Amino acid sequence: MTRFPARASMRMHELHALLGVRMRRTVIALGLLASIGAGTIPAMVEHALAAQVKGNLARARAVLPPDAMRDLERAVEAARARGLPTEPLVDKALEGAAKGVPAERILAVVRQLAEDLERAYALVVRSGTAAPADVTAVADAIRRGVPEDAIRTLHGGSASGEPIALAVHTLADLLDRGVPVDVALDVLAAWRSFGARPDQLRELPAAVERLIREGALPAQAAAAVASAVRAGHGPAAARRPAAVPANDNRRGAGSVDQPPLPAGAPYPPRGKGKGNKPGTSGG
Amino acid sequence: MLGWIGGRLLVDRAGPLALDLSAHGGRSADATGSRWLSGVGGGTFTRRMGSWLVDGRVEWFGIHHARPDTYRAHALRFAPRAVRAVGPFTVSAVAEVSRGGWRIGGPAEKGAQANAISDLEGGLRLTGGGLALGRGVGSTWLEGSIAVYDAINGTVDGTFAAVGTSGRFAIGPAAISLNATYWRTPIDGELDISAAISTRVSSRLVAYASVETGRTDPLLGTPRSSTASLGMSWRVARSRRTQDLPVVEVAERVGRGRRVRFQIAGGVAERVALAGSFTDWQPRPMRRDRDLWVLDLVLEPGIHHFGFLLDGERWFVPGHAPGLVDDGWGRKNASFVIQEGP
């Protein structure tokens, strides 16, 4: 099999040939997949969806051995029956094939992803339905180490129409930067209290990162961003709390931003140095 | 009255590798009229490693002190720090290794009366580290810390141990920090208490004041002295580029989707391609634009995963790319979300 060339050399045109027909992916299709679970879609759309799923699987069939393909189809069918998005599963299989991963390792990751999607679905389902994009984003966040309690808290406080997928993704980005989970949730609460604009969500991790690079601890940086958002200035306006320049906590034990000796004090008795004894040299 | 009047010039460059250069000097306000000048050049790196934020500082400093004998000291310092969140707390582990030397010479000025000590020299060695545990409570940052250093400075050699607590909070535009640290030096126990207040007068001007009871400096061995200081810090200029170029820029709406720009620095690659869930993991060649590799696409709403393929051989995801997630097979993908709606 031709592989993504991190381990074996690869040419782009070979990968193009390998992966074959391009798939047109849309969130409409994802939404329809969720609706299958709820059993509410019209027959015409169901046919379109079936064609879409078949298209995905056809591409996977071109790159996976028959045994592995059967296992993948079983995993997709099981996910579909539970109302979970199936596109991430097929996409993961294609990714693994493109990267030259052996089939059994691809399937192990696909199965793990199906479990993550199920856990994610349980976290975001409301009235028996959950947006596929939200389920996929939450599954991603779980893989990135976001505690399920935090996701539950974030989702529980969300208003209708709020961009949950983007908010969960932003939460994971903040935790990635070392922000404690309660502070990260507070940043998102600040965002929520000031209009919950989707575009502002993208600015939050970048603003925290900037302050960290200016020397703030992640928790301090995030708290400063939350304050700026609450004050209505926006994340980009957040500043590291003004500090006394000589009091930079990254400078270690000693400080050379002060005179080495206090004014008027005698020299310390440096008795352990090498050289002339005190007073024996006129210098 | 004893005191110093001085100033500091700081030039630095922010980013994952921040460089700075500063000179700091002053003159004693007492009858001796002694002077001092110090220079510091260093760099600070910041890197994310899994759930750890690792940063560190490497610097060299030199001090020249004339009062009227000359005292010179210099050292190379390395101070790494690793930070991570543990539940609601932030844990920091810090270390410091410094190596250098000091020298006392003859009178700095012709005709001046020599100090009783001259022409002595020795080494400066400091090795140690500590742990700090911090947490934000409302707008207050509280921290407790412990540290141990082994010091050789020719004056107070031996083990320094410290246990401290500090708090930082804001009242209006003013940031206030309070610190109390008990130091066990080789000679004695010392309680170092300090308070500092600073406020932004404008976007470029910070005013500050501090008082400190002081402690014996483990690096230089200088004796404990109480200080009170007032100062102003003026940022003369600032580079616009204070962070990395974003790998993904989500731009205007196009139909249901968004125009998205992918970009990475040129480096030494001769070909760069983008591969992701939105290309069915097929590499899509990027175009060279000066020192960048760029590709513009219109993507539908949803969560998207991607990475870059360098020279058709190497999977690459920059450390500052958004949404880093394990791909399940030991590599990373970057990810981002395009939200449906306005």
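Sequence lines set the chain letters: A, B, ... in the order given, protein chains first and strands last, and positions in each chain run from 1. Everything numeric in this text was worked out from a predicted model, so none of it was measured.
- Both the backbone and the side chain of A:Pro163 come within less than 4.5 Å of a heavy atom of chain B.
- In this structure the side chain of B:Arg57 never reaches within 4.5 angstrom of the side chain of B:Phe78, judged on heavy atoms.
- Taking the side chain to side chain donor-acceptor pair (under 3.5 Å) definition, one finds that A:Asp186 meets it with A:Arg230, sequence neighbours left out.
- Neither the backbone nor the side chain of B:Arg103 comes within less than 4.5 Å of any heavy atom in chain A.
- The contact between B:Phe89 and chain A is made entirely by backbone atoms, counting heavy-atom distances below 4.5 Å.
- Contact tally against chain B (heavy-atom pairs below 4.5 Å) for A:Ala165, A:Pro147, A:Gly145: the top residue is A:Ala165.
- Partners of B:Ser92 according to the side chain to side chain contact (heavy atoms under 4.5 Å, CB included) rule, which considers only residues two or more places apart in sequence or in another chain, are A:Leu217, B:Arg81, B:Val83, B:Thr90, B:Ala132.
- Judged by the 6.0 Å and 45° rule, A:Lys99 forms a cation-pi pair with B:Trp281.
- By the 30° and 60° cut-offs, the orientation of the rings of B:Trp102 relative to B:Tyr71 is tilted.
- With sequence neighbours left out, A:Arg197 forms a salt bridge (charged side-chain N to carboxylate O under 4.0 Å, His left out) with no residue at all.
- B:Val250 touches chain A through its side chain: at least one heavy atom from C-beta onward sits under 4.5 Å away, while N, CA, C and O do not.
- Proximity of A:Arg144 to B:Ser335: side-chain heavy atoms (C-beta onward) are separated by under 4.5 Å at one or more points.
- When each of B:Leu53, B:Ile152, B:Leu324 is checked for heavy-atom pairs under 4.5 Å with chain A, B:Leu324 comes out on top.
- The closest side-chain heavy-atom distance from A:Arg143 to A:Leu113 is below 4.5 Å.
- With a 4.5 Å cut-off on non-hydrogen atoms, B:Asn179 does not touch chain A at all.
- Residue-level contacts of residues 167-177 of chain A with chain B, in order of numbering, are A:His169, A:Asp173, A:Asp176, A:Arg177; threshold 4.5 Å between heavy atoms.
- In this structure, B:Arg168 fails the cation-pi test against B:Trp141, since its NZ or CZ atom is not both closer than 6.0 Å to the six-membered ring centre and inside 45 degrees of the ring normal.
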